[in-house]
Amino acid sequence: IAYPIVNKKADLTQGIVLDLVGNHKNIHGGTIRWNKLDNSFEYKEGIQPSLKSFFINKQNEITFNLPDDPQSVYLCDKVLSDKRRDEQNTYPLVKIGTQYWMGSELHTSYYNNGEKIKQVYDKTVKDTPSIIQTKKYPNYYFYNEKAILTNQLAPKGWRIPSTSDWNRLNEYIQQDMALLLNKSWNKKNAYNLSGFNSKPIGTFSGSKYETLNTGYWTLKDINSKVPAEKFITILTSKKSLSYIDNKYQDALAIRCIMKE
């Protein structure tokens with residue numbers, strides 16, 4: 001799907017469906033219009049064969065007609081580039097419904113103001129903002145509640161998701177958690193069609209590292225920096241996202257969502 005860019009943002013009300021994967025009929029080139037209020041869309045079937053190219057005219061409209069003086073452009077995957085002091089991280093982006101999510105967990109050692117975050121291995125601390133890691137899996141980053149309360153973890157233009165953000169995601173995937181999981185979960189139906197690419201990285205619960213689930217920090221609401229009473233977790237024994245009481249967890253992973 002191609003969307004025109006208006007004020008540096010994709011206009012989700014003017015999408016053009018270039019290719020319906022696996023469909024060989026002349027029904028491509030249709031339009032898709034998203035409604036951000038309820039995360040739904042309206043789709044109108046096209047009359048084109050599968051489209052491999054398109055053009056943008058002077059009115060910033062997507063068209064299939066060759067303009068008089070075309071100029072080629074190079075298209076590449078958009079990623080989130082997050083530089084903090086001597087650290088440079090990139091995160092894949094994934095659009096699910098009308099939401100834009102990081103395609104991997106936050107893994108920074110600095111606050112977004114450049115200050116270093118305290119790092120602790122194989123144990124948890126509650127009185128100091130900290131990153132909790134394991135020596136066995138040093139690339140997994142878990143943050144304690146004190147670090148969340150600083151409100152200085154998300155990259156610029158991004159935020160830690162709220163309960164309503166997760167609810168919207170869960171509703172869009174129709175409570176089918178398998179759409180969010182990659183194959184490393186060793187579940188037969190983990191097909192990751194959404195591109196969210198969740199991995200079984202675990203959590204720190206009761207000062208112990210547990211590998212049977214993956215938990216994500218969740219805030220009370222969009223404008224809050226306070227964690228919700230329950231956070232989102234992916235349990236191997238469940239088919240849909242679960243909400244677990246926050247008081248039992250010491251450190252969780254973070255998936256950020258783009259600010260609107």
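The model shown is predicted, which means the values in this text are computed figures rather than measured ones.
Shown here is Lys95, whose NZ atom has more than 12 heavy atoms of other residues, nucleotides or ligands within 6.0 Å. Around NZ of Lys83, the count of heavy atoms belonging to other residues, nucleotides or ligands within 6.0 Å exceeds 12. Other residues, nucleotides and ligands contribute more than 12 heavy atoms inside 6.0 Å of the CG atom of Leu66. The environment of CD in Glu171 is sparse: at most 12 heavy-atom neighbours from other residues, nucleotides or ligands sit within 6.0 Å. Under a cut-off of 6.0 angstrom, the local environment of CD in Gln88 is crowded, with over 12 non-hydrogen atoms contributed by other residues, nucleotides or ligands. More than 12 heavy atoms of other residues, nucleotides or ligands lie within 6.0 Å of OH in Tyr172, so this atom counts as buried by the packing criterion.
Put simply, the side chain of Ile1 reaches to within 4.5 Å of the side chain of Ile32, judged on heavy atoms. Residues Glu87 and Ser109 form a side-chain contact, since some pair of their non-hydrogen atoms from C-beta on lies under 4.5 Å apart. At a threshold of 4.5 Å between non-hydrogen side-chain atoms, the residues Leu219 and Thr163 do not count as touching.
Of the charged side-chain nitrogens involved, at least one lies within less than 4.0 Å of a carboxylate oxygen, so that Asp165 and Arg159 count as a salt-bridged pair. Contact check on Lys9 versus Asp11 returns no salt bridge, with no Lys/Arg side-chain nitrogen under 4.0 Å from an Asp/Glu carboxylate oxygen. Ionic pairing of Lys239 and Asp176 is not present here: no N-O contact between side-chain nitrogen and carboxylate oxygen is shorter than 4.0 angstrom.
Neither side chain, Ser40 nor Asn35, offers a donor N or O lying under 3.5 Å from an acceptor on the other. A donor atom on one side chain and an acceptor atom on the other are found under 3.5 Å apart for Asn167 and Tyr243.
Aromatic ring orientation, Trp166 versus Trp101: tilted (interplanar angle from 30° to 60°).
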Indicate every side-chain donor-acceptor pair of residues 145-157 with a distance under 3.5 Å to a residue at least two apart or in another chain.
{"residue": "Thr150", "atom": "OG1", "partner": "Ala147", "partner atom": "O", "Å": "2.6"}
{"residue": "Thr150", "atom": "OG1", "partner": "Gln152", "partner atom": "N", "Å": "3.4"}

Output side-chain donor-acceptor pairs under 3.5 Å for residues 133-141, partner residues at least two apart or in another chain, one line each.
{"residue": "Gln133", "atom": "OE1", "partner": "Gln119", "partner atom": "NE2", "Å": "2.7"}
{"residue": "Gln133", "atom": "NE2", "partner": "Pro138", "partner atom": "O", "Å": "2.7"}
{"residue": "Thr134", "atom": "OG1", "partner": "Tyr137", "partner atom": "N", "Å": "2.9"}

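In this structure, Arg255 forms no cation-pi arrangement with Tyr91, as its terminal cationic atom is not both closer than 6.0 Å to the ring centre and no more than 45° off the ring axis.
Aromatic ring centroids of Tyr209 and Phe204 lie under 6.0 Å apart.
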